[in-house]
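Here's the structure, in C-alpha cells; my notes come after.
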There are 2 protein chains.
Amino acid sequence: MKKGKRTTIYDIAAKLGITASSVSRALNNSNQVNEKTRELIMKTADELNYKRNILASNLRKGHSKTIGVVVPRINQNFFANVIAGIEEATYQKGYNLIICQSGELHDKEIQCVNTLINQDVDCIVISVSADGNDYQHLQNVIDHGIQLIQFDRVAEELETLKVINDNEQASYEAVSHLIESGYKRIGLLEGPQNLSIFKQRKVGYLRALKAYNIDVIDELIVENAWTKELGAEGTRKLLTLPQPPDAIFASTSDFSALGVLEVANAMKIKVPAELGICGYANEGFSEITSPSITTIDQFSIYMGQTVANLYFQEKGNTDTVTKPKIISIKPELIIRGSTAKNGKS
Amino acid sequence: MKKGKRTTIYDIAAKLGITASSVSRALNNSNQVNEKTRELIMKTADELNYKRNILASNLRKGHSKTIGVVVPRINQNFFANVIAGIEEATYQKGYNLIICQSGELHDKEIQCVNTLINQDVDCIVISVSADGNDYQHLQNVIDHGIQLIQFDRVAEELETLKVINDNEQASYEAVSHLIESGYKRIGLLEGPQNLSIFKQRKVGYLRALKAYNIDVIDELIVENAWTKELGAEGTRKLLTLPQPPDAIFASTSDFSALGVLEVANAMKIKVPAELGICGYANEGFSEITSPSITTIDQFSIYMGQTVANLYFQEKGNTDTVTKPKIISIKPELIIRGSTAKNGKS
DNA sequence: TTTGAAATTGCAATCGATTGCGTAATTTTT
DNA sequence: AAAAATTACGCAATCGATTGCAATTTCAAA
C-alpha cells in the first residue's frame, strides 16, 4: 500500500466489478446484499487493507460518534479517573473521546467548548473551571443541539443533565464524624464559593454544627484555601489564633489537608490527639501519610461511567425536549488515623 | 437557531446573494476575496452563529488535525502528565486529541490503534502495553501513511520517531548513589523484561555494580515486581534471605518502592539506616512518605510537549521518507530521606 | 411458460467545505 | 479612452460514504 493512499469503497467495487453502494451496504451489515457478494466484499476489503473513512461516514450520517470532554486539568487524580471511566464506557460503544483541558481559565474553557462544537461532537461533558460564572458558551452548546452533561463542578442555573456528588451530605457526615470523635472547635478550609461544590460543602459543615448545637465561629472559617500551599497558610493562621481549632476540615481537597498536616507537624502539634484533620477526594497519598488522612471518596471512575451511561440512555430517548436530570452519587467517608482522637479509628 | 440545524456556508451565501466559494474563501482568510465582502461574510457568519463543519472540511482537505494517543491507563500519574503536556502543545496549533487506553491489554491496544486509523488521525502517539510483543498493528499505522510516535515504552525494533527517557543512565545513577551512600548489597525489583524500559533499567543497575566492582548476586534480583503488592511480596522474599540486601532499588515504580517501605516498616527494619530504598517516577506521594522516597523524575509533562513538538517539526519536513529519530530525555535523580544512610540526604 | 413477489444491485443525490479553472469586474498603464 | 493587468467571484468537481428510489434479477407459485 502506498503511503497516503487509502483504499476506498470504490477501489473495492472496481476490483469486483460492482458498485460502491453494494460495498457500503455489505460493510454496514445491511441485509440488502447477497450473502455471496458480501463475503467477496469482506474478503477483498481485508486484502486491500481497507479502513472506513469515518470522516466521510460521519459527515453523511450527520453525527460524529465522538464525545468531547472539558476538564480543568487532565493530570489531576479526580479528573483523570473520571475520564478513565468515561473512556471505558464509551469505547465499548464505538465512541471516541476528545479531551481538552481548560487549565481553570474561563477563556480557554470557552475556546475548548467552541472547538468541540466545531468538531461536531455528539455530546460535551464538562466540569467548569473555577473562575468566571458566565455560561453563555454552555448555552451555545445546547443551542447547537449538542447534548450537554455537566459533572462535579456544575453551573447550577443551567438546566442540563448533571452528574454530581452529594457534597453537602458528605460534608455533613465528615463534620459529624469529627464532632462525634470528640473534637469541639472545628475549622473549615473552604474553596471558591462561586463553585457550587464548595458552597455545598460549606452548607454541610454548617448543618452539622447546627445539628450538634455548636456555634459557628467565623474566624475558624478560612476562605479560598484550596491548594496545599493555601491550606498550609490558612492552617498557620488558624493555629496561631488565641483559641485555635482542635480539628480542621479541609473541604477542598486532600492536598490542602496535606498542607494542614505538614504545618501541624512543623508546629509539633500532635495529629490526631491535639488536632483532627479531614480532607476530601481520597487521593492516593491520603492513605500513606502518617497518620493517614480521613477523607471522602467520590467514586470518580464510577462517576465517569455514570456520565457515559447517562448519555447513551438519553440518546435513546426520543422526546424532543430532554428534561434536566440530575444524578447524585453519594460519596463515602473514609475514616483513618488523622481523626482517631480517642485511639479508635 | 433550531435544534439540529446547523448553518452552512450555503446559508450565508444565500443570504448574501453570493456563492459558497466566496464564503469559504473569506472564512479561510484567502486573499482572493474583496475586503468589503469578507467583512460582510464575517458579520453574517457571526449573526447566523455559524460554526465550520470540521468533518466536511477535513474530509476535503484530507487530514483531520487530530492526534490519537494510546496509553495503558489514563489515570496513572505519568501518563496523565504526558497527555497533559501533549494537549497543551497541540491545542495551541488547533489540533485535537483522541485518547484511548489499552488497559495493558495487547488486544485492546490493537483495537484502539485500528479505531484511530479509522478516525483518520494525522498522528498516533503510543506507549505500548506490557503484554504482547508483536507489533503488526504499529506497522499498519505506518503503512497507512500515518505518523507514528512512540514514547516511554517503545517497541525498539520498529524504526519510528521515539521520545524516551534515558532509563539506563538514570538507573545507573540511582544505583551509584546507593553505593556511594554506603549500601553494599543492593537488591533489584525489576519489571517485565519484554518492555525495553525495564530491560534498560536492569542494564543500568548491572553497569553500576560493575563500575564499583560489586558482584552481581542473582538471588537479589526479583522478577516482575511492578506493582505495590508485587513489590511488597518481593521485598518479603529478599528480607528473609540468609543474607538480605541493605538497599532495594524498586526500578519499576514508586508504587513498588512504597511496597518495600511498608514491608520494612512492618518488619521493624529501619529506613534508611538498615535499608535504603530508591523508587522510580517521582509520584506525588513519594515526597510525603516517612521517610520520603528517593526516586527518579521523568519530566513527564515535558515529555508530552516534546512528543507534540516532534510531530509538528517532522510534519514540516518535506522529505518523503521520515528517518527514525530518537529524542532521549535525561531523567533526574531526586535524593530524599529513604537513602540517607549516614544522615546526609 | 407466465406472473408476481422478493431479493439484489445500480443510479444519482447528498452531507458541507474546498479549490482549480475560467470569466467578469475593476484598476492600472499608456 | 483603449489596452493590459489585476482582482474578485462563480462554476463545477472533489473528498468517501450513505441511502432513497428505480431497475434488474431470482425464484417460487400458478
Side-chain angles (χ1 to χ4, degrees), chain A residues 1 4-42 44-45 48-66 94 117-122 144-145, chain B residues 1 4-42 44-45 48-66 94 117-122 144-145:
Chain A
M1 162 174 232
K5 292 276 175 205
R6 289 174 64 125
T7 52
T8 71
I9 53 173
Y10 296 98
D11 298 328
I12 301 179
K15 182 157 186 181
L16 259 36
I18 54 175
T19 328
S21 313
S22 298
V23 178
S24 173
R25 282 190 263 259
L27 260 20
N28 284 289
N29 290 319
S30 158
N31 58 334
Q32 311 197 60
V33 52
N34 186 287
E35 198 48 47
K36 289 244 180 63
T37 50
R38 153 181 281 114
E39 277 168 26
L40 215 54
I41 289 170
M42 291 310 205
T44 317
L48 266 42
N49 197 9
Y50 170 79
K51 296 256 155 53
R52 171 196 277 134
N53 183 326
I54 304 264
L55 280 148
S57 173
N58 287 344
L59 171 61
R60 182 60 229 260
K61 288 189 179 160
H63 66 232
S64 62
K65 278 210 162 198
T66 294
I117 294 176
N118 274 2
Q119 285 286 333
D120 222 355
V121 296
D122 293 340
H144 270 87
Chain B
M1 161 175 234
K5 291 277 178 206
R6 289 175 65 126
T7 51
T8 71
I9 53 173
Y10 296 98
D11 298 329
I12 300 179
K15 182 156 185 183
L16 260 34
I18 54 176
T19 329
S21 314
S22 299
V23 178
S24 173
R25 282 192 262 259
L27 260 20
N28 284 289
N29 290 318
S30 158
N31 58 334
Q32 307 196 61
V33 52
N34 185 287
E35 199 48 47
K36 289 248 179 60
T37 48
R38 152 179 284 113
E39 277 168 26
L40 215 56
I41 290 169
M42 290 312 205
T44 318
L48 265 43
N49 197 10
Y50 169 80
K51 296 257 157 51
R52 171 195 278 133
N53 182 328
I54 305 265
L55 252 50
S57 174
N58 288 343
L59 172 59
R60 181 61 227 262
K61 288 188 178 163
H63 66 231
S64 63
K65 278 209 160 199
T66 294
I117 294 176
N118 274 2
Q119 285 287 331
D120 221 356
V121 296
D122 294 339
H144 270 87

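Naming: A, B, ... by sequence-line order, numbering from 1 per chain.
Judged by distance alone, with hydrogens and angles left aside, the side-chain atoms of A:N28 form no donor-acceptor pair with the main-chain N or O of A:S30 at under 3.5 Å. Under the 3.5 Å distance criterion, the side-chain polar atoms of B:R25 are left unmatched by any main-chain donor or acceptor of B:R38.
Here D:dA13 presents its P atom at 22 Å from NZ of B:K61, a figure rounded to the nearest Å. Distance A:L48 CG to D:dG16 C1': 15 Å, rounded to the nearest Å. Rounded to an integer number of Å, the gap from NZ of B:K51 to P of C:dA17 is 13 Å. Between the CG atom of B:N118 and the P atom of D:dA17 there is a distance of 10 Å, rounded to whole Å. One can place CD of B:Q119 at 14 Å from C1' of D:dA17, the figure rounded to the nearest angstrom. As rounded to whole Å, 12 Å separates atom C1' of D:dG16 from atom CD1 of A:I12. Between the C1' atom of C:dT14 and the CG atom of A:N58 lies a distance of 15 Å, rounded to the nearest Å. Counting to the nearest Å, the P atom of C:dT26 and the CD atom of B:E35 are 17 Å from each other.
Residue A:S30 is out of contact with every strand shown, counting any heavy-atom pair closer than 4.0 Å. Among the heavy atoms of the strands lying under 4.0 Å from B:I18 are primed sugar atoms or P, OP1, OP2 only; no base atom is included.
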### Task
Please test B:N53 against A:L59 for side chain to side chain contact (heavy atoms under 4.5 Å, CB included), starting from the C-alpha separation and ending with a verdict.
CA-CA 9 Å; B:N53 182 328; A:L59 171 61; 4.0 Å; yes

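Ranked by how close their nearest DNA chain D nucleotide is to the 5' end, A:Q32 and A:L59 are led by A:L59. Where A:L55 and B:Y10 each meet DNA chain D at their nearest nucleotide, the meeting point lying more 5' is that of B:Y10.
Contact check, A:T8 against D:dG16: no side-chain N or O comes under 4.0 Å of OP1 or OP2. For the OP1/OP2 pair of C:dG10 and a distance below 4.0 Å, the side-chain nitrogens and oxygens of A:S22 include at least one atom meeting the criterion.
Counting distance only, with no hydrogens placed and no angle test, the side-chain atoms of A:S21 and the base atoms of D:dT19 include a donor-acceptor pair under 3.5 Å.
Counting non-hydrogen atoms of neighbouring residues, nucleotides and ligands closer than 6.0 angstrom, the NZ atom of A:K51 exceeds 12 such neighbours.
Between B:I9 and B:L27, some side-chain heavy-atom pair lies under the 4.5 Å cut-off.
Closest to the side chain of B:R25, from the set C:dA17, C:dG20, D:dG16, is C:dG20.
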